[in-house]
> 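This is the structure I have questions about; it appears just below.
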Amino acid sequence: MNKIAFYDAKSYDRTWFDRAGPRAGLTLLYLETRLTPDTAVLARGCDAVCAFVNDDLGARTLSVLAENGVRAAALRCAGYNNVDLAAAAANGIRVFRVPAYSPASVAEHAMALLLTLTRRTHRAFTRTRERNFSLEGLVGMNLENKTVGVVGTGKVGLRFAGMAAGFGARVIASDPEPKWGAGIEYTRLDELIRRSDVISLHCPLTPSTYHLLGRSAFHQMRDGVVIVNTSRGALIDSEALLDNVKSGKVGAAGLDVYEEEADVFYEDVSSRVMRDDTLNLLLSQPNVLVTSHQAFLTQEALQAIAETTAENLRKFFAGEASENELHARDPQPV
Ligand code: NAI
């Protein structure tokens, strides 16, 4: 059995990895701590590490891992902006990821955020628990006949577009690589921003999409526009969003991601003072709904992540090639 140091382990990870790991010939050493240059030494005696989005696989960490005999890093996620691929190659550490696990999970979560906000069910939930059955302030909005703008029509965006069309919405999209034949009307981003009643982001974070929705974009939007972001936090300038929520320009915002999320998401910080005033103020608005980067968190996605990660490692130890291996030449996202 090959031994794997499994960093940042949560109970929901163990459920699926306890099944997939042994089947792939792996013994898993679960560690609750994140992987950092200081915690890398805990992998001593392990053949590989398994890491997640907020683990640090920078040059210092990779060098400590290599000194302690680690030969592979298996990411149990798609993104790899937290890995220095050149340093991994220099230290002889092979890197693998899970490029796709359940686009439906993310698309359905985006739709859940949208419907919650347009039908105010988050507010009804807290009210009726207090035996407040008033309907004041709960007037919603139909999606039927509204224009839904989808930015990025890859695996997730296409599914979300199909769901919105199912509600009778007019779907328009922008993507540098349009999927012709999907029955979607493609437009330029600036036109999408001007025309949409709902804007949902499904494109990757790259230098060119950083703050894609910034002050000038918000200025162009329709009054009362609903914003949904399940992609990456830094696609939106959070301060500009907050100002536009406060002014009423933005009618509602559903955020599964936030640009400074690494400090708080995935952790219980309820007994700490939170210093991020932009997030504090967003959280205090009745028409802003924040979830903690959980769009991927379904049984189906977790099972797929565990099985692909275990298979990536099985192939590595068996000396087989893997299409999920990352190389130093791969584009390094921001
Ligand atoms: P994908 O790679 O299949 O699709 C991305 C699409 O965005 C592609 O069609 C691409 O051409 C397009 N695109 C690239 N640059 C663009 C631009 N400037 N404007 C408009 N479109 C652009 O990716 P997938 O699987 O659909 O995932 C989408 C995003 O969802 C990922 O980038 C990731 O950030 C996010 N995600 C979030 C999760 C969560 O738990 N919240 C989980 C998994 C992914």
Side-chain angles (χ1 to χ4, degrees), residues 8 10 12-13 52-54 75-82 97-114 148-164 171-182 184-193 196 199-214 217 227-236 253-259 261-262 264-266 289-306 308-309 323-324 326 330-334:
D8 204 7
K10 307 282 191 228
Y12 49 80
D13 292 315
F52 197 47
V53 289
N54 289 323
L75 305 174
R76 50 183 193 279
C77 52
Y80 53 94
N81 48 303
N82 53 338
R97 68 168 179 149
V98 184
Y101 32 92
S102 177
S105 304
V106 185
E108 288 179 16
H109 191 79
M111 186 51 78
L113 289 174
L114 176 57
V148 173
V150 179
V151 182
T153 51
K155 295 179 284 297
V156 175
L158 267 188
R159 277 178 174 75
F160 179 83
M163 290 177 203
V171 177
I172 61 175
S174 98
D175 193 313
E177 295 177 27
K179 311 297 178 297
W180 302 117
I184 294 174
E185 178 192 341
Y186 281 95
T187 69
R188 287 161 44 122
L189 178 66
D190 54 353
E191 189 186 333
L192 180 149
I193 284 171
S196 298
I199 299 175
S200 192
L201 301 181
H202 301 286
C203 61
L205 178 62
T206 64
S208 69
T209 61
Y210 177 79
H211 284 186
L212 186 90
L213 300 187
I227 307 288
V228 177
N229 188 7
T230 54
S231 204
R232 283 293 179 266
L235 293 174
I236 298 182
L255 310 174
D256 187 51
V257 286
Y258 173 68
E259 55 182 330
E261 69 179 46
V264 289
F265 278 22
Y266 298 133
L289 178 55
V290 177
T291 53
S292 182
H293 205 140
Q294 72 174 70
F296 75 100
L297 196 69
T298 64
Q299 294 180 18
E300 293 80 2
L302 290 171
Q303 180 175 1
I305 289 168
T308 305
T309 304
E323 60 191 9
N324 297 336
L326 291 165
D330 288 325
Q332 193 83 43
V334 291

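Order of listing sets the numbers, starting from 1, for every ligand and every atom in it. Here, residue 1 is the first one in the sequence, and each next residue gets the next number.
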> Atom CG of Leu213 and atom CD1 of Ile193: how far apart are they, to the nearest 0.5 Å?
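Spacing of CG (Leu213) from CD1 (Ile193) equals 5.5 Å.
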> Under 4.0 Å from ligand 1, counting heavy atoms only, is it the side chain of Lys179, its backbone, both or neither?
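It is the side chain that gets close, since no backbone atom is under 4.0 Å.
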> Given Pro176, Gly233, Gly154, identify the one with the heavy atom nearest to atom 15 (N) of ligand 1.
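It is Pro176 whose heavy atom sits nearest to atom 15 (N) of ligand 1.
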> Could you check if a side-chain atom of Thr230 sits within less than 4.5 angstrom of a side-chain atom of His202, using non-hydrogen atoms only?
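Of all side-chain heavy-atom pairs linking His202 with Thr230, at least one is under 4.5 Å.
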> So is there a nitrogen or oxygen of Asp256 less than 3.5 Å from a nitrogen or oxygen in ligand 1?
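By distance alone, the answer is yes.
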> Hey, is ligand 1 close enough to Lys155 that some N/O pair sits below 3.5 Å?
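Yes, there is a polar N/O contact under 3.5 Å.
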> Val156 to ligand 1: N or O pair under 3.5 Å?
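Yes.
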> Ring centroids only, cut at 6.0 angstrom: are Phe296 and Phe52 within range, meaning strictly under it?
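Yes; Phe52 has its ring centre under 6.0 Å from that of Phe296.
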> Tell me which part of Leu297 gets within contact of ligand 1: side chain, backbone, both or neither, using heavy atoms under 4.0 Å.
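Within the 4.0 Å criterion, Leu297 makes no contact with ligand 1.
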> State, with a plain yes or no, whether a side-chain heavy atom of Glu259 is found less than 4.5 Å away from one of Tyr210.
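SC-SC contact between Glu259 and Tyr210 confirmed.
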> How long is the span from the CG atom in Leu255 to the CG atom in Asn229, to the nearest 0.5 Å?
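Going from the CG atom of Leu255 to the CG atom of Asn229 covers 6.5 Å.
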> Can you confirm whether Thr291 sits close enough to Phe265 that some side-chain heavy atom of one is under 4.5 Å from a side-chain heavy atom of the other?
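Of all side-chain heavy-atom pairs linking Phe265 with Thr291, none is under 4.5 Å.
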> Compute the minimum heavy-atom distance from Ser208 to ligand 1 and say whether it is under 4.0 Å.
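In this structure, Ser208 fails to qualify as a contact of ligand 1 - no heavy atom is under 4.0 Å.
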> Counting each atom of ligand 1 from 1 as listed, which ones have a heavy atom of Pro204 under 4.0 Å away?
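It comes down to these atoms of ligand 1: 5 (C), 7 (O), 13 (N), 14 (C), 32 (O).
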> I want to know if ligand 1 touches Tyr101 in the polar sense, i.e. an N/O pair below 3.5 angstrom.
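No.
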> Can you tell which part of His202 has a heavy atom less than 4.0 Å from ligand 1: side chain, backbone, both or neither?
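It is the backbone that gets close, since no side chain atom is under 4.0 Å.
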> Looking only at distances, please establish whether an N/O atom of ligand 1 is found under 3.5 Å from an N/O atom of Ser231.
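By distance alone, the answer is yes.
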> Which atoms from ligand 1 have a heavy atom of Val151 less than 4.0 Å away?
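So the atoms of ligand 1 that pass are 20 (C).
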> Got more than 12 heavy atoms from elsewhere within 6.0 Å of CD, Gln299?
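Open.
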> For the OG1 atom of Thr309 and the CG atom of Asn324, what is their distance to the nearest 0.5 Å?
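Interatomic distance, Thr309 OG1 to Asn324 CG, rounded to 0.5 Å: 9.0 Å.
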